[in-house]
Structures are given as C-alpha cells and as structure tokens.
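Hydrogens, waters and symmetry mates are skipped; everything else that's a heavy atom, side chains included, is used. A, B, ... follow the sequence lines: proteins, then strands. Residue 1 opens every chain. As the structure is a computational prediction, the values presented were derived from the model and not from experiment.
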There are 2 protein chains.
Amino acid sequence: MSDQKLSARQEAMLEFIDSFMQDNGYPPTIREIGKACDISSTSVVNYNLNKLEREGYLMRDREVSRGLRLANRAFQGSVVRVPLMGRIVAGEPVPVPDGDFSVFGDDEAIELTSDIVDPHDDLFALQVKGDSMVNDMINDGDIVIMRPHRDVKNGDMVAVWLSDREETTLKRIYMEGERIRLQPANPMMGPIYVDDPSVVEVQGRVVAVIRQM
Amino acid sequence: MSDQKLSARQEAMLEFIDSFMQDNGYPPTIREIGKACDISSTSVVNYNLNKLEREGYLMRDREVSRGLRLANRAFQGSVVRVPLMGRIVAGEPVPVPDGDFSVFGDDEAIELTSDIVDPHDDLFALQVKGDSMVNDMINDGDIVIMRPHRDVKNGDMVAVWLSDREETTLKRIYMEGERIRLQPANPMMGPIYVDDPSVVEVQGRVVAVIRQM
DNA sequence: CTTGACTTAGAACGCGCGTTCGTGATATAA
DNA sequence: TTATATCACGAACGCGCGTTCTAAGTCAAG
C-alpha cells in the first residue's frame, strides 16, 4: 500500500538521517539534510519530511529543532543495562546487590535488549566460575541474568544457597509438602531432596543464561 | 579522581538528559535542561555542561543545537538484528540462510547488543528443538547464534551434520590427523570419533547461546 | 578581614533553524 | 486546451537556542 512510493530523494533522506544519528547521536537539521541530499531549498526538505511522516517512516516534533526520529528505531533504544555484580562460585553465596542500585557509574555491565529480558525488572548478572554446575546446563564462563526473588513458584529456576553443604547451585525448585525438591535442568540427572527447608536459601530467580564463545 | 565530584545538580542534569533522550530520541536544549532541573539561567546550564564534558560524562558539539550526547551511551546504539532462521532439530540439517540476506522485512529476528556478538558478522539464529543435545549444554528451547563457517579451527564449537547418522549436533571439533574428534561441551561426556571426514559437514560456528526462562 | 576559586544569576547578542508564502515545472485526467 | 495533484525552488519571517558578558553569592585558605 504505502509500499515503494518512496522517491530516490526520500530514500536518500532516510538513509542520511540514519547514518547522521549513528555518527552524532542527534538528528540532523532540515538544512543539513538538504545539503547532504543536494536539495537547495529547506521547504523541499520540509515537504518530503512531512510526506515521510504521513507514510510512517519517521515521527516529527513540530517547532522543535532536530525534532525527528526514525520510526524503525522506535522500538529500539530499549536497551537494558544489567549490572554485572560479580561471579557465582559453587562454594560461595550469591552477591545480591544492595537496596540502592546506582544506575550511573557501573563500569561493568551487560547490555541486553528488551526481547530477552523485561526492562522493568531490577535485574543483575553473574558470571559462573567453575564447572560445578555443569549438570544444570550451566557451563564455566556462562553469564546468568537474575532477578531478586519475590515469589518463588514451583518449577522456577532459582539460585539457591544450601547452608548445610555450603554450596550455591542453580536448580528448578519444587515444594512437595515438607520436602523441597531441587531438579537439575539436565533431564538426565537426578534431583536433590532437602527435608529441612531452613537450609535452602533462594537467592534469586534465573531469567536468562548467556554463553559466549 | 574524577570521582563523585558531581554535584546534585549535575547528577540531575545527567539523569534528565538520559530520560529525555529515551523519550524523544534527541537531546534536550540548554533551556529544556534548565527548566527540568530548576536552573533559571542558561549560562549556568552551559557552565555545568562544560564541566561534565571535561570530566568525561558527555560530549558536546559547539554551536550546534542539541549538540550533546552522553558518554555512557557512546558504545551503545549498536543493536544487532539477527534473523531467526528456524529451528535446529537433531534429525534435520541446519537451514543455513541463502546468499542474499534481507535486512529489512524480517518479521522474526532477535536483537542483541554488540558486547555479546560482533556486529560485523553475518549471523543467524536458530532455536533448538528437542533435548537431543542436552549433553552439549544445549537445552530444549535454547537459541544458538551462529556464523556461517569460514575457517574452522580446532576447538571451535560448531554445528555439524553427520550424514551417516543423519543427525545434527553441536560439538567442539578437533582434527586429529585423519580422524575427527567431536567433543561435547559437557566435560563429563565422552567424545565422538569419526574416521571418515566426508560424513562431517560443518554448518556453522556457534558464537553464543541464549536461554530464556 | 581579604583573596581567589567555584557556582549561580540575569540579560543581551546573533546566528540557527523550522515555518510559511508565492511561484513554477511536470504529469495525468477530463 | 483546462484542471487538479505532485514536487521543487527561493525568500522572508520569527522564535529557538548556543554563546558571551557582567555581576554577585558562597566557602575555605591566608
């Protein structure tokens, strides 16, 4: 419908706006677009911008300098910055972040996109050290994205601290009456049964696992 | 050194610039910053902006309206769109994309950030179906990010099609003279030895694995 | 106290930049 | 031909917005 009604000039404008934003971090002015696309008059640029806006290729804020943004990038920009809190070792508890989380000044963090994790959660990331959790489909060097536990439901993949074994592990948790069953993610492995619920401390729920090579 | 020399006003300015850019897609003006942070004079905003620039928190383009960008976000913005080609099943070969890759119009794709994968590679993603590769630390539902194989080096994690078994699997590959050794990622599992190299077809190299829950 | 560095304030200058208007060229339809 | 729509041009208007200058209020060191 509004397909390929783009003139060569309009297509050049879109491409220039995209690269300009990539280079400078802010949109170009009408005159900058005109100079880059060999358009002598600002009104022509304005005319084509209105046309592109009507066809949905971009959005404009009237009476605002550089007040335009590409529509393709509308749903982008939703990049979540997850602080990398440290490492998770089998013999140590999970370093859960303090109450106050400083958005700025995090030198170590991981950027994820919104289709992997929910941007509204207060997430934190941990890198797995050692291969003690290899039976839980977690390898050495993997990065686990975790959310501080609020409500633990049966079947959730959680990081638990077993105080009697002094060991941290990632398992699926099931409350079976008095007993707690910790099921490895690997279906070929058997579960762990804990009769005393007090030795199981749920540190957080695992939202995602990322392995780079 | 340049640590916590930020006044409350400067911190508020940074936070406002960040949220403003998120909302509008372009940076605010000096007067917009002043109004949001209760600064009556434009020169004060200009003064603090210069200070923040000198300390490395942002970059300014002089004589340019809205000519500023946050330094933290300098390396961001590089969101890679990886097309999700389909599913990888143990009994079927990997659907490698055709030569022409259409950047636009991909309804199914995954967005990753540049610190997970290299934006310059021609990547594609596959979702693992079935738990036949559970011994390779790959679970049902996992998403593997792959790069079409160019040069396969020893130790690379690759997707191979074993024509004699009619099976696809993810293994680390090692050329040992005439013999090829396929090592599972799980160190508790033993390797597969293939004496006839013609039955091993390398489909691509695994760059990353993502598991969502 | 005085001195000097740091921060805030207000006002004015002047170009930047979106907008609008009038005009004209081209094209397809009646 | 005339009529209507689309697209392009140049000029002018006027507020937007970065810059600069002067002045003053802090605060710690001397």
Side-chain angles (χ1 to χ4, degrees), chain A residues 1-21 23-71, chain B residues 1-21 23-71:
Chain A
M1 175 167 296
S2 62
D3 203 44
Q4 210 55 15
K5 294 176 67 176
L6 289 184
S7 66
R9 182 166 271 182
Q10 289 165 1
E11 208 157 338
M13 287 171 59
L14 285 179
E15 195 156 348
F16 170 71
I17 294 172
D18 190 27
S19 70
F20 189 96
M21 283 232 50
D23 290 345
N24 301 303
Y26 48 82
T29 68
I30 284 186
R31 284 173 176 80
E32 286 167 341
I33 298 174
K35 191 178 297 180
C37 302
D38 287 320
I39 303 175
S40 60
S41 177
T42 61
S43 63
V44 177
V45 178
N46 185 51
Y47 169 80
N48 285 289
L49 281 181
N50 283 329
K51 206 156 202 321
L52 287 172
E53 183 191 24
R54 204 176 319 122
E55 311 228 3
Y57 289 96
L58 50 85
M59 297 182 307
R60 297 190 71 188
D61 287 2
R62 308 301 170 86
E63 318 246 346
V64 170
S65 68
R66 307 178 188 272
L68 53 90
R69 55 160 50 169
L70 291 181
Chain B
M1 177 168 296
S2 63
D3 203 44
Q4 210 55 15
K5 294 179 66 175
L6 289 183
S7 66
R9 182 167 270 182
Q10 288 165 3
E11 210 158 337
M13 286 171 60
L14 285 179
E15 197 156 347
F16 170 71
I17 294 173
D18 189 30
S19 71
F20 189 97
M21 282 232 51
D23 291 345
N24 301 302
Y26 48 82
T29 68
I30 283 186
R31 283 173 178 80
E32 286 167 340
I33 297 174
K35 192 179 296 179
C37 301
D38 286 320
I39 304 176
S40 60
S41 176
T42 60
S43 63
V44 177
V45 179
N46 185 50
Y47 170 80
N48 285 289
L49 281 181
N50 285 328
K51 207 158 197 327
L52 287 171
E53 183 192 22
R54 202 174 322 121
E55 311 230 2
Y57 289 95
L58 50 84
M59 298 182 307
R60 296 190 73 187
D61 287 2
R62 309 302 171 86
E63 317 247 345
V64 170
S65 67
R66 306 176 190 273
L68 56 90
R69 54 157 52 167
L70 291 181

Verify the contact: side-chain N or O of A:Lys51 to OP1 or OP2 of D:dT6, cut-off strictly under 4.0 Å; return yes or no.
-> no
Atom-to-atom span, CD of A:Glu55 to P of D:dT6 - whole angstrom =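 The answer, rounded to whole Å, is 11 Å.
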Compare all side-chain heavy atoms of B:Leu14 with those of B:Glu11 and state whether any distance is below 4.5 angstrom.
-> no
Kindly indicate whether the side chain of A:Ile17, heavy atoms from C-beta on, has any atom under 4.5 Å from the side chain of A:Leu49.
-> yes
Salt bridge or not for A:Glu53 and A:Arg69, using N-O below 4.0 Å?
-> no
Picking from B:Pro28, B:Ser7, B:Cys37, what satisfies side chain to side chain contact (heavy atoms under 4.5 Å, CB included) with B:Met13?
->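 Option passing the side chain to side chain contact (heavy atoms under 4.5 Å, CB included) with B:Met13: B:Cys37.
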Assign a letter to each nucleotide of nucleotides 8-21 of chain D from its 5' end: B, base within under 4.0 Å of a protein heavy atom; S, sugar-phosphate only; -, no contact.
-> SBBB-----BBBBB
Would you kindly say whether A:Asn46 and A:Arg60 are connected by a side-chain donor-acceptor distance under 3.5 Å?
->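 Present: a donor and an acceptor within the cut-off.
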